[in-house]
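A short write-up of the structure that comes next.
Whatever order the structure lists them in is the order used to number ligands and atoms, beginning at 1.
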Amino acid sequence: MTKVKTYNKVLKKLSVDCEKCCGLCCVALYFSKSDGFPTDKAAGKPCINLMSDFCCCIHSKLIECKMKGCLAYDCFGAGQMVTQSIYHGSDWKSKSEISGQMFKVFLIVWQLHQMLWYLVEASSLVFDSGIKNDIDALIIENENITKLSPDEILNFDIDKYKSKVNNILRIVSKLISNPNSTRSSDKKTVDFIGKNLKKQNLDGRDLSMTLLIAANLEGCSLNGTNLLGADLRDANIKNTDLSKSIFLTQGQINSAIGNKNTILPSYLSLPISWN
Ligand code: SF4
Ligand code: SF4
């Protein structure tokens with residue numbers, strides 16, 4: 001796919017590499033038991049299962065223990081970027097004086113990397129050179145921010161940047177949606193929770209930010225379907241071809257229910273929990 005060819009290096013950077021991280025998501029984030037995490041936990045407090053070497057003591061049992069939140073989480077490579085590049089291998093435990101700052105930086109880099117993921121895909125979807133240049137400029141800006149010092153990253157106006165990214169993604173979404181197959185009511189109907197959409201033709205539909213929790217999408221046709229930010233938790237995507245769906249992330253896939261017949265875009269992988 002063009003996405004992979006053009007921005008291969010960037011995509012590599014966005015792949016999670018927990019071995020090069022100091023368990024940042026297991027400490028920095030707030031999480032709750034009801035979302036499939038081990039317990040309710042405040043941001044900045046280590047998970048009860050995080051060991052001194054930053055490995056998870058129940059890693060091999062996450063499926064068995066039904067830790068859906070842990071299984072679905074994807075930091076877009078923010079963990080290793082913060083640990084290795086921004087803090088040069090330091091960690092929040094041995095340098096407790098930097099822990100608070102490190103967690104805040106992680107949260108910003110996580111958002112930046114998520115936006116970078118979408119921008120890379122957006123760049124591969126448009127042909128208008130003006131829009132393409134705008135996207136590429138945002139990608140360069142994004143990469144430059146993560147080369148800054150922790151203090152500079154914290155002072156960066158992330159909301160302003162986010163608004164520019166959202167704006168360009170809106171433009172791209174509009175350009176790529178298929179007017180013949182997009183129902184005018186799509187953007188009003190953002191709730192498909194538990195709906196049975198089995199084998200429906202959803203080609204070219206704009207389902208961005210749609211609630212598809214526990215929806216049945218088995219066998220649906222999803223070519224060019226925009227799934228940006230769609231909530232796919234427990235959605236049935238067994239025997240479904242998503243290889244040409246747009247703006248999909250690994251986190252969305254991890255949170256859905258598929259099988260070995262589910263076909264994903266080449267840059268995403270089948271979760272082990274589906275075996
Ligand atoms: S922050 Fe990312 S790299 Fe670090 S442990 Fe979590 S998922 Fe792995
Ligand atoms: S259970 Fe394991 S993966 Fe989940 S938050 Fe705790 S240490 Fe991290």
Interfacing atoms of ligand 1 (cut-off 4.0 Å, heavy-atom, [X]):
X	result
C75	1 (S), 2 (Fe), 3 (S), 7 (S)
C21	1 (S), 3 (S), 4 (Fe), 5 (S)
C18	3 (S), 5 (S), 7 (S), 8 (Fe)
F106	1 (S)
V16	3 (S), 7 (S), 8 (Fe)

Any side-chain heavy atom of [X] sitting closer than 4.5 Å to one from [Y]?
X	Y	value
L248	L232	yes
S90	I98	yes
T83	K20	no

Is it the case that Y267 and N8 place a side-chain donor and acceptor less than 3.5 Å from each other?
no
So which protein heavy atom does atom 4 (Fe) of ligand 2 come closest to, and at what separation?
C70 SG, 2.4 Å
Taking atom 8 (Fe) of ligand 2 as the reference point, the nearest protein heavy atom with its distance
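Heavy-atom neighbour on the protein nearest atom 8 (Fe) of ligand 2: C26 SG, 2.4 Å.
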Taking 4.0 angstrom as the limit, do K244 and D203 come out as a salt bridge?
no
Within the 4.0 Å heavy-atom shell around P38, which atoms of ligand 2 are there?
1 (S), 6 (Fe)
Going by the order shown, which atoms of ligand 2 are within less than 4.0 Å of some heavy atom of F31?
5 (S)
A student comparing C25, A28, A78 should find that the heavy atom closest to atom 5 (S) of ligand 1 comes from C25
Heavy-atom proximity to atom 6 (Fe) of ligand 2, best of C47, C56, G69, C55
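Comparing heavy atoms across C47, C56, G69, C55, the nearest one to atom 6 (Fe) of ligand 2 lies in C47.
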For atom CD of E97, is the number of surrounding heavy atoms from other residues, nucleotides or ligands below 6.0 Å larger than 12?
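Check passes, neighbour count above 12.
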Test side chain to side chain contact (heavy atoms under 4.5 Å, CB included) on V10 and L119; report intermediate values, then the result.
CA-CA 11 Å; V10 181; L119 287 168; over 6 Å; no
Over 60° means perpendicular and under 30° means parallel, so classify the ring planes of W92 and F103, tilted if in between.
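Ring orientation, 0 to 90° scale: tilted.
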